[in-house]
Amino acid sequence: MTESAPPRLRFAPSPTGYLHVGGARTALFNWLLARRTGGTCLLRIEDTDKARSTEDSTKAIFDGLKWLGLDWDEEVVFQGANLERHQRDAEALLASGKAYRCFCTPEELDERRKEAAAEKSAFKYDRRCDELAASEVERRVAAGMPCVIRFRVPEGETAWDDLVHDRIAFPNKDIEDFVILRSDGTPIYNHAVVSDDIAMRVTLVMRGDDHISNTPKQILLYQALGAPLPRFAHLPMIHGTDGKKLSKRHGATAVGDYEHMGILPEAMVNFLALLGWSPGGEFEEVMTLDQLVAAFSTDNLLRKASVFDPKKLEWMNGQHLSRVPLAELEPRVTPLLVQAGLATAADLAARRAWYFALLDLLRVRSRLLDDIVRQAGPYFRDEIEYEAEAVAKQWKEPAVVGPLLAATRETLAALGPWEPAAMEESLRALADAKGVGGGKIFQPLRVALTGLGVSPGIFDVMVALGRERTLARIAQAERHLAGMAGGAG
RNA sequence: GGCGGUAUCGUCUAGGGGACUAGGACACAGCCCUCUCAAGGCUGGAACACGGGUUCGAAUCCCGUUACCGCUACCA
């Protein structure tokens, strides 16, 4: 291969919905390869289907790519703006005799297709309009009869060396003379794609393998238009847990869904990158974007469709949650805390060091951003609620626990510096003195401080809460326990 | 139906003729650590779709079968 110049790639979604994880993965691979090779990554919005394309969808694609951290080079190309060139290219094919006018109506075609189906034979356009005399064509055009432009598929075989599949070949006899320009003058997909890819000087087309059967048609168009062929790389599909194509019934399929679910973009990207690609050999699965760029290569692209496993995504998110620099995590969490009514952005900014330390405590036991918010309550609210389950388990005997908590409070109150080592030392000494294990002190204390049976290490909790609030919460718990003991008789 | 593609633990994957008693990760189970929960560590169960070749030797190469997926529009 004489190809040594960095490739020009493109991601070409059609704005007919949200950015799907499959589309996101295609965008990611194009982007990774461009960044890896010093190539160019372009974005083209394929909005030629005016019936289905919407501005909202276009925005959703931009938003999705932005969230993932994928950018593109040069101006965004809107396919719809290239109508004139599409028509010119189609006219050129007509002029050079590589395409012809077809006057068959959709209704007629439909009819013939049904007949073929009834006879269980494959329908293929029979070229009847290609046999029309020139004068007849002229007459019909002059008469204003609507017509499409069909590409005349030559004899032979069309093949290419796919970057992931190696050689793929199609006998031309299996390809029918396909329409390139509708009767209303707008282009059909395959034609618009080729016209645009040529104009954008795309040298490597990387897309889903559902386009494999479009590829011979497109190659034929390149050749007829006298343009150099790009290389092709067809990526395997992403399926749902049941092995079927990913759809709404599998739950979330739009990248925006995962954003709202509390997934970090770096985790999403990492997870998607490992679907249909692997660095090969032994490798660490948790990778940053930079590491992905450094490792990416078309050599390790897989051929088999993969199943999207949300469980593994969550695990991966947990990994990233724990590894991302706090300064990057903070802006993702803050809006959620504010939204939950736990704090204001100003408040958090005012005690940044404390806030970061808290985040560090909570993120280890979180898989989703929401897990952090859910755990954060006790550190922000003035009043806490006691979880019934925790109370039932750890405050089972109020008459015993109450005095123990009181002793704990007194011990802590007498403490000099408010730091973990000192807390642990004095509380373990207290446990010894009372003849109980540490857990008998720590567990009821955890409920007193957080209302929960589960939390970060108890000393970390106390540091995060601060001395004053810690002692107040214990006192409050003592009152609560006294009430319980009284109520119980 | 026709054409094309694919086939390693439940899932993501390593593997490119001998290093395979098939490795790792997720999930699952157990154990360790331990103030709880995570995280982490250790252990366990779990796969080369089937049938023929080629070869001294096949998860790896070839053929067939089966299954699954995609395309088969004046959709993209």
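Numbers restart at 1 for each chain; the letters A, B, ... are given by sequence-line order, proteins then strands.
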Self-check item: Short N-O contact, A:R101 and A:D130, less than 4.0 angstrom
Solution: no
Mind checking the [atom1] distance from [N] to [M]? Whole angstroms is fine.
N	M	atom1	result
B:C42	B:G23	P	16 Å
B:A46	B:G10	P	10 Å
B:C71	B:C12	C1'	27 Å
B:C37	B:U13	C1'	31 Å
B:G17	B:U60	C1'	7 Å
B:U21	B:G40	C1'	29 Å
B:G5	B:U65	P	14 Å
B:G16	B:A58	C1'	12 Å

Candidate nucleotides [options], ranked by approach to the side chain of [X] - the nearest:
X	options	answer
A:K311	B:C74, B:C26, B:A38	B:C26
A:F170	B:A76, B:G4, B:C12	B:G4
A:H239	B:G10, B:U36, B:C69	B:C69
A:S213	B:C71, B:C75, B:A7	B:C71
A:I168	B:G5, B:C12, B:U6	B:G5
A:V454	B:G4, B:C37, B:U13	B:C37
A:P106	B:C74, B:A76, B:C26	B:C74
A:K304	B:C26, B:U8, B:G4	B:U8
A:R367	B:C74, B:C35, B:A39	B:A39

To the nearest angstrom, how far is [X] atom [atom1] from [N] atom [atom2]?
X	N	atom1	atom2	value
A:D460	B:C37	CG	P	16 Å
A:L274	B:U13	CG	P	8 Å
A:R303	B:C68	CZ	P	21 Å
A:R113	B:G1	CZ	C1'	15 Å

Watson-Crick or G-U wobble partner of [N], both distances under 3.5 Å:
N	result
B:C42	B:G30
B:U55	none
B:U65	B:A49
B:G70	B:C3
B:C35	none

Quiz item: Taking the six-membered ring of A:F103 as reference, does the NZ or CZ atom of A:R140 fall below 6.0 Å from its centre and within a 45° cone about the axis?
Solution: yes
Quiz item: What about A:K312, does its side chain sit under 3.5 Å from the base of B:A25 through a donor-acceptor pair?
Solution: yes
Quiz item: For A:F151, which of A:F178, A:Y222, A:Y125 qualifies under ring-ring contact (aromatic ring centres under 6.0 Å, His included)?
Solution: A:F178
Quiz item: 5'-most contact on RNA chain B: A:W315 or A:P13, nearest heavy atom basis?
Solution: A:W315
Quiz prompt | Separation of A:Q319 CD from A:M287 CE (nearest 0.5 Å) | solution = 14.0 Å
Quiz item: How would you label the glycosidic angle of B:G52: syn (within 90° of 0) or anti?
Solution: anti
Practice problem: Report which part of the nucleic acid A:S278 touches: base, sugar-phosphate, or nothing (heavy-atom distance under 4.0 Å, all strands). | Solution: sugar-phosphate
